[in-house]
There are 2 protein chains.
Amino acid sequence: MSDARERQKFLQWLRDRGHRVTAERLALFEEIFAQHRHIDAEELLDSMKARALKISRATVYRNLDLLVECGLARKQRLGQNRFLYEHVHPGQRHDHLVCTGCGRVVEFVSPGIAALQGEICRAHGFSPTSHTLQISGLCNACVQKRDEAQRPPERALPSPAHVETARTLSGPPP
Amino acid sequence: MSDARERQKFLQWLRDRGHRVTAERLALFEEIFAQHRHIDAEELLDSMKARALKISRATVYRNLDLLVECGLARKQRLGQNRFLYEHVHPGQRHDHLVCTGCGRVVEFVSPGIAALQGEICRAHGFSPTSHTLQISGLCNACVQKRDEAQRPPERALPSPAHVETARTLSGPPP
DNA sequence: CCTCTTGTTGAGATCTGATCTCAAGAAGCT
DNA sequence: AGCTTCTTGAGATCAGATCTCAACAAGAGG
Ligand SMILES: [Zn+2]
Ligand SMILES: [Zn+2]
Ligand SMILES: [Zn+2]
Ligand SMILES: [Zn+2]
């Protein structure tokens, strides 16, 4: 596990604020840093139950907010309804492509966009604290699936030269 | 009202799909195009009731989805919880700065970001259908308010040379 | 190590935004 | 006008998130 530094930061942050270091908080921290993907509170609750870590729903929600507050986690609505959480690696901004066909989430990094956002905020005298950029659409696979469904008796269409494979962090929903 | 063209498009879209042109649909269309700001379903319902236009909650939700489907409205979560709707002007993409202090929403346009998004999608073989970009933080006024609150007996701080004023489309929440 | 204070937890109630149900109503075709 | 089919409205329902409050335990102090 490579979260020794983050763990230390979390504990220090808690103590600095007079918050207590509880077993539940540590367990939640471990869990969210063990899950290398975007995960929602309910899934987190289940996966902790599955590991025989006892924790209640309310505590999960409360402490997820705490993790976000201290900058170790990010909270976003990636699909439609639920909030998804992911642990944050300092200095590594990324954003998301969300496939509406299969639910997959792909991360991308764009220093150019980051820079432009900075310019825009400066121009408006705005002090940004966070941002959300997500692009919804269809991934390669889902586009092909849809095209095949539309005209069934026809194949050998010239497939794209090379299929871009990026980190896919969330599988399709059940 | 400058929505003659959009109104025509809406009616045509309805007929093309075999949907009916009802009084409720027309009223909702008028209302959302009359409100030049980001507004949620509940507010829309209230403002229509205030104008003695009878319409039910379910119908508002149903037909807002219809407007989004035909491309005349955009649906986004700008604050945290509710969906906000705004009417769309064709070919005029814009994104949002959201002040977490006063709730104000400011729109901005960035062709540069739009272009970069296009490149990213191409690189990933992703077919985008929509996007959300919002930057949260504090507006000029709220930054000053906070600074003044933090050290009360001190003034004459060098105010910024010129205060950028952009279209502010949503007032602070009640 | 024991005690006291005070922040934290857990089970379930509650809230909120959004969607669904289904009988009554009305577009629009003829 | 008559008929078919889509649409509406009132209220039930759903899902995700938050709140309540008594029991609990972290951590300071002795
Ligand atoms: Zn897909
Ligand atoms: Zn991510
Ligand atoms: Zn503000
Ligand atoms: Zn806008």
Side-chain angles (χ1 to χ4, degrees), chain A residues 10-32 38-49 52-70 73-85 103 173-174, chain B residues 10-32 38-49 52-70 73-85 103 173-174:
Chain A
F10 183 43
L11 296 186
Q12 198 51 54
W13 186 88
L14 285 175
R15 281 191 278 259
D16 289 351
R17 300 224 163 187
H19 289 309
R20 290 175 183 172
V21 176
T22 68
E24 290 82 2
R25 280 174 182 165
L26 291 177
L28 184 73
F29 173 90
E30 299 297 347
E31 191 65 31
I32 200 172
H38 309 83
I39 189 170
D40 68 51
E42 225 63 30
E43 291 172 321
L44 215 33
L45 186 58
D46 290 346
S47 78
M48 293 182 74
K49 287 232 165 93
L53 297 171
K54 61 169 256 307
I55 192 168
S56 73
R57 182 190 321 281
T59 299
V60 167
Y61 278 98
R62 277 188 295 238
N63 289 325
L64 277 173
D65 285 347
L66 221 54
L67 279 169
V68 170
E69 213 181 311
C70 84
R74 193 173 170 199
K75 175 186 187 182
Q76 267 177 308
R77 291 194 194 259
L78 283 190
Q80 300 293 328
N81 300 320
R82 302 172 165 202
F83 284 108
L84 292 190
Y85 296 82
Chain B
F10 183 44
L11 296 186
Q12 198 52 52
W13 185 87
L14 286 175
R15 282 191 277 259
D16 288 351
R17 299 222 163 189
H19 287 143
R20 290 176 185 173
V21 176
T22 68
E24 291 81 2
R25 281 174 181 164
L26 291 177
L28 184 72
F29 173 90
E30 299 296 347
E31 191 65 30
I32 201 173
H38 310 83
I39 189 171
D40 68 50
E42 226 63 31
E43 290 173 320
L44 214 34
L45 186 58
D46 290 345
S47 77
M48 293 181 75
K49 287 231 165 90
L53 297 171
K54 62 168 255 306
I55 192 169
S56 73
R57 182 189 323 280
T59 300
V60 167
Y61 278 98
R62 277 188 295 238
N63 288 325
L64 277 173
D65 286 346
L66 220 54
L67 279 168
V68 170
E69 214 181 311
C70 85
R74 192 175 171 200
K75 175 187 187 181
Q76 265 178 307
R77 291 194 195 260
L78 284 190
Q80 299 293 327
N81 301 319
R82 303 172 165 202
F83 284 107
L84 292 190
Y85 295 82

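Worth knowing before you read on, the calculation uses all heavy atoms, side chains too, and leaves out hydrogens, waters and symmetry mates.
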Under a 4.5 Å cut-off applied to non-hydrogen side-chain atoms, are B:Lys75 and B:Asp65 in contact? yes
From CD of A:Gln76 across to P of D:dA17 the rounded distance in Å is 14 Å
Test item: B:Glu43 side-chain N/O and B:Asp40 main-chain N/O as donor-acceptor pair under 3.5 Å: yes
Shortest non-hydrogen pair, A:Leu64 vs A:Ala41, comes out as CD1-CB, 3.9 Å
Is the phosphate of C:dA18 approached by B:Tyr61 (side-chain N or O, under 4.0 Å from OP1 or OP2)? yes
Checking B:Asn81 now: which residues fulfil side chain to side chain donor-acceptor pair (under 3.5 Å) with it, not counting sequence neighbours? none
Describe, in one word, how the ring planes of A:Phe10 and A:Trp13 are oriented to each other, choosing from parallel (under 30°), tilted (30 to 60°) and perpendicular (over 60°). parallel
Grab the CZ-P distance between A:Arg17 and D:dG27 for me, whole Å please. 17 Å
On DNA chain C, nearest-nucleotide positions of B:Asn81 versus B:Ala23: which is more 5'? B:Asn81
Measure from CZ on B:Arg15 to P on D:dT5 and round the result to the nearest Å. 21 Å
How does protein contact run along nucleotides 7-13 of chain C, one letter per nucleotide 5' to 3', with B for base contact, S for sugar-phosphate only, - for none, heavy atoms under 4.0 Å? BSBBB--
Among pairs that include at least one residue of residues 17-29 of chain B, which meet salt bridge (charged side-chain N to carboxylate O under 4.0 Å, His left out), considering only residues two or more places apart or in two chains? B:Arg17-B:Glu69, B:Glu24-B:Lys54
For atom CD of A:Glu43 and atom C1' of D:dA17, their distance in whole Å: 16 Å
Find the distance B:Asp40:CG to C:dT19:P and express it as a whole number of Å. 13 Å
Between CG of A:Leu11 and P of D:dA26 the distance, given in whole Å, is 14 Å
Euclidean distance, atom CG of residue B:Asp65 to atom P of C:dG17 [Å, nearest integer]: 17 Å
Just the rounded figure in Å: distance from C1' of C:dA18 to CZ of A:Arg77. 11 Å
